[in-house]
Amino acid sequence: MKHYDFHNIESKWQKIWEEQKTFEVEASSGKPKCYVLEMFPYPSGYLHIGHLKNYTLGDVVARYKRMQGYNVLHPIGFDAFGLPAENAAIKQKTHPKKWTYDSITHIKKQMKAVGLSYDFRREFATSDPEYYKWTQWLFLFLYKQGLAYQKEALVNFCPHCRTVLANEQVIAGGCWRCETKVVKNSLKQWFLKISAYTEELLSDLETLNEWPEHVKTMQKNWIGKSYGAQVTFPIVGGGEIEIFTTRLDTIYGATFLVISPEHPLSLELPYDPGIKEATKILINKSLLTQEIERSAEEIPKEGIFLGRYAYNPFTCEKIPIFVANYVLYEYGTGAIMAVPAHDTRDYDFALKYNLPIREVVVPEALTHLENLPYEGYGYLINSEPYNGLSSEEATIKMSEFLQEKLLGKLTIRYKLRDWLLSRQRYWGAPIPMIYCDQCGVVPVNEEDLPVKLPEEIDFTPRGMVSPLSTSDEFLHTTCPQCGGSARRETDTMDTFMCSSWYYLRFGSPFTNREPFNKKDIDYFLPVDYYIGGVEHAILHLLYSRFITKALGDGGYLDFKEPFSRLFTQGMVLHTSYWCQTHYWIAPKNVKENKHCPHCDAELIASLDAMSKSKGNIVLPETISHKYGTDTGRMYVLFAAPAEREFEWKEESVSGIFRFLNRVWKLVASYPGLSLKETDGRPQNPDDEAVKLITHKTIKKVTQDIENNFRFNTAIAALMEMLNDLKAIIERENFITEGVLKEAIESLVLLISPFAPHIAEELWEILGHQNSLSFQKWPVYEENWVKEEVIEIPIQIDGKIRSKLTVPRIIEEEKLKELALQDEKVLKFVEGKKVKGIIVVPEKIISIHTET
RNA sequence: GCCGGGGUGGCGGAACAGGCAGACGCAGCGGACUUAAAAUCCGCUGAGGGUAAACCUCGUGGGGGUUCGAUUCCCUUCCCCGGCACCA
């Protein structure tokens, strides 16, 4: 018998799969389809163990489904545009393109070495002109649909990356990549009107039954729907202010108004030059700090009385108008009515500036409030003629009054804002628009796509302008409408645009006449299993859903949601080290004393997700060289439940390696056709034991794969099967050949999605000619998953005291009788009166006594 | 603050339509093989008591409840992780 030579076995089968085109699929198949997709990687150098886990999860499903008879589409590609390529290129004095494509070459090699069952013919990078041609087409499509527009806007700008960021890319006031504090700048930018789909994006979440609840909740919170009212407050001396409130019922308590610093009225309202000056200072200060300091618990509320008043439309009182830093311009109308008695923020502000506080809502049966502010609902006081009404009733009555007086109405507001698409960076898909002095803004003709990214260019970021503007060749063009001279748009698209439709292209990557062939898409899409990290729970998934809906409305797609089933896997963690001056230090450079190798400062250690930037990555090769890639694949699945994160510990890997070696030894001891007999009927107790463990395991593994990626317990079950099987065989009893054959072959097939190389090799050793990739997945028989004779525990007053060995099917009365005759039971019940016996068939006998 | 997810041996984790807590694996201990080590194989391994047996007691973050029976259900409380966060 050969030993388990994983090196040769693995390269042998990888070669066979490639030569035989085992994983290539076509849409023209009579079989039902299954589209398994892992979120495609950013090609930044190397694939690490975190990626390995992600792709192995998908690969197990893909291989399993293939054996279930599905026509499995399992593609991979590269999310290749973006900042890291530029940064790395600058650092290494090379071109982003070279750096990116070198990475891709390397990563592909790694993927193949892991044995991932991809159809590599379908592979592409989003930076391929053949791909971004269609990303540009998508932009033009959105433009024609009225879903792309230009706006002069205050934008989030990262001074470090020197680019504009989408709202979604600002985390706690910092850049999502480098954490630099974001500042506000005014720029003319392209936006995508995701807001046109707000309601659909929200309500269709309900249809996503196979998405994790927490991801749906995050999207819901992000969309942030709230019901409220819009109310117009007339300004004393002319004009008006429109506010939004979710608590119309508290309007009698509105003792002042607050507008945000960015609000146009903040400079228009003041008469007094001194106030105007002070307001300007406040505006500048708040522009700089507002979005920046968000991470801090709370910035102190600061405001200025503008010297003007408005009428409260309900009380007809004159109330002062303030500008203050705590009101957001982007939400609602950028102005609020302040009700200090019923809102903490307004309350704090009122205390600071000594403003009146009037209670107008009290919880039932109370006439005044003990503690202010009271933010709950209740019954109205001090609000004639609405006194005594519930908050709900009052809101309706008040809104009727507003509509009658044309001063407002009930309305709905969302937090979701339009998607800022423009980036002033080089390494991205150029926005295919042209500026003509005669015709204005003109889209590039479809047949002129792609607008190619110039390669001979200084791509260093230069702040508010894209590096593309330095290329005369790129910049100057002719107007598609009038033929006159014109300039190109020089901004590139946010890379999230590239990744918002790639899953469609995988279904139809070969056409160069259209973004995708509808017939192919109709067959393969939507994605059945989409697997990736939670970090994409909002951005990528929301954008992809938006694009799918927009394309659907344009007649290009017949489905509403791109991903039927989403699985968010937990990341692989590893210790990382941080130095104040030298940032992340790779663990391999950290000496015993845990001091920085550059400046000898003490390092801060933390457990983080593996990432290149933190230097704490572990390469899959670390494992595959020593144990083989099958061991590595199986370990990342076995270490913890797939959705949970786990800390990388190399010493734990050996358990899996031992297991695979034991499987090898057992299975390879039946070479060739030594097991020919196909009659699997059991003929003795050992046969029955083998049959039992076989079918129990088939059931468990099948259900664990089907039931939400429970691969850790599936592998545990396989280990148990091996242990049991070995124990029975070692008893040196006679096991009927057919029974043994079924057991051994089932074991190999059940292991194959997890450890495909060893499984293929063993399958061949067992005498089979073809790859087991399309071998039928074993099916369990229900009558073989349960023992005929079982042990039933007897519990007396809540404690297990004895056990009975009985046939599984037995009458309850008989069980009671046996239990009461049991020696140990008699001992424990002696001198006590038995109050009752409860028999739970096949589970337990519970006796309780009088005490 | 709001929303979501968790607290089980030395460690990763099993079990939960309420029914033998700790499957499977790591680490550890003991033994076999070996000149020796590695590898492999066998056994033990929640805590405490008990003679290394039988057996007993306690144990799933804390407190209380429902039940013949609770890691699982209910109430209450503490702690950890993730998301959002001055959203009116």
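Numbered from 1 within each chain, the chains take letters A, B, ... in sequence-line order. We use all heavy atoms of the structure for the numbers below, so side chains are in, but hydrogens, waters and symmetry mates are not. Small disclaimer: the values here were computed from a predicted structure and weren't measured.
Side-chain N/O atoms of A:E213 and base N/O atoms of B:G5 include no donor-acceptor pair closer than 3.5 Å. Under 3.5 Å, the side chain of A:S652 and the base of B:C26 form no donor-acceptor pair of N or O atoms. Between the side chain of A:K803 and the base of B:C20, at least one donor-acceptor pair of N or O atoms lies under 3.5 Å.
Between the CG atom of A:L351 and the P atom of B:C86 there is a distance of 20 Å, given to the nearest Å. Going from atom CG of A:L416 over to atom P of B:C84 covers 14 Å, rounded to whole Å. Between the CZ atom of A:F659 and the C1' atom of B:C41 there is a distance of 17 Å, rounded to whole Å. The interatomic distance linking A:F646 (CZ) with B:G25 (C1') rounds to 13 Å, in whole Å. Taking atom CE of A:M719 as the reference point, atom P of B:G12 lies 17 Å away to the nearest angstrom. For the pair A:E302 CD and B:C86 P, the computed distance is 17 Å after rounding to whole Å. Per the geometry, CD belonging to A:E645 stands 14 Å off P belonging to B:G6, to the nearest Å. In this structure, A:R658 atom CZ and B:C42 atom P are separated by 12 Å, rounded to whole Å.
B:G65 and B:A14 have their C1' atoms separated by 28 Å, with the value rounded to a whole Å. Using atom C1' as the reference point in both B:C73 and B:G19, the two lie 14 Å apart (nearest Å). For the P atom pair drawn from B:G30 and B:A37, the interatomic distance equals 13 Å after rounding to whole Å. Comparing B:C44 with B:U51, their P atoms are spaced 23 Å from each other, to the whole Å. Spacing between B:U71 and B:A27 at atom C1', rounded to whole Å, works out to 25 Å.
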Please tabulate, for side-chain N and O atoms in residues 247-258 of chain A, each donor-acceptor pair with protein atoms closer than 3.5 Å (sequence neighbours left out).
| residue | atom | partner | partner atom | Å |
| --- | --- | --- | --- | --- |
| A:R247 | NE | A:D249 | OD1 | 3.0 |
| A:R247 | NE | A:D249 | OD2 | 3.4 |
| A:R247 | NH1 | A:E375 | O | 3.0 |
| A:R247 | NH2 | A:D249 | OD2 | 2.9 |
| A:R247 | NH2 | A:G376 | O | 3.2 |
| A:D249 | OD2 | A:S391 | OG | 2.9 |
| A:T250 | OG1 | A:R247 | O | 2.7 |
| A:Y252 | OH | A:E384 | O | 3.2 |
| A:T255 | OG1 | A:P356 | O | 2.8 |

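A:K216 and A:E206 are not joined by a salt bridge, as no carboxylate oxygen comes within less than 4.0 angstrom of a charged side-chain nitrogen. In summary, A:E302 and A:K352 do not engage in a salt bridge, as defined by a charged side-chain N under 4.0 Å from a carboxylate O.
Summary of the strand contacts: A:E791 and A:E720 both lie near RNA chain B, and taking for each the nucleotide with the nearest heavy atom, the more 5' one is attributed to A:E791. Ranked by how close their nearest RNA chain B nucleotide is to the 5' end, A:I715 and A:P641 are led by A:P641.
Looking at residues 836-844 of chain A, you'll see A:I838, A:V840, A:K843, A:I844 sit with a heavy atom under 4.0 Å from some atom of RNA chain B.
Searching all strands for a Watson-Crick or G-U wobble partner of B:C84 with both distances below 3.5 Å returns B:G1. Across every strand in view, B:G18 sits unpaired, with no contact that passes the Watson-Crick or G-U test at under 3.5 angstrom. Figure legend. B:U51 is base-paired to no nucleotide; pairs are counted as Watson-Crick or G-U wobble with both atom distances under 3.5 Å.
The side chain to side chain donor-acceptor pair (under 3.5 Å) search around A:E210 returns none, not counting sequence neighbours. Evaluation of the side-chain contact (heavy atoms from CB on, under 4.5 Å) rule for A:L820 yields A:I837, A:I847 as partners, not counting sequence neighbours. Under the ring-ring contact (aromatic ring centres under 6.0 Å, His included) criterion, A:F305 pairs with A:Y309, A:F322, not counting sequence neighbours.
A 4.5 Å side-chain heavy-atom check between A:W211 and A:L541 finds at least one atom pair inside the cut-off.
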So which protein N/O to nucleotides 56-60 of chain B N/O distances come out below 3.5 Å?
| residue | atom | partner | partner atom | Å |
| --- | --- | --- | --- | --- |
| B:C56 | OP1 | A:R801 | NH1 | 3.3 |
| B:C58 | OP2 | A:K799 | NZ | 3.3 |

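With A:Q569 as the fixed residue, the side-chain contact (heavy atoms from CB on, under 4.5 Å) test singles out one of A:K53, A:E645, A:E643, A:R644: A:K53.
Nucleic acid contact for A:N712: sugar-phosphate only, since backbone atoms but no base atoms lie under 4.0 Å from a heavy atom of the residue.
With hydrogens and angles disregarded, no donor-acceptor distance shorter than 3.5 Å links the side chain of A:K649 to the backbone of A:A639.
Within 6.0 Å of atom NZ in A:K843, 12 or fewer heavy atoms from other residues, nucleotides or ligands are found, so the atom counts as exposed in its surroundings.
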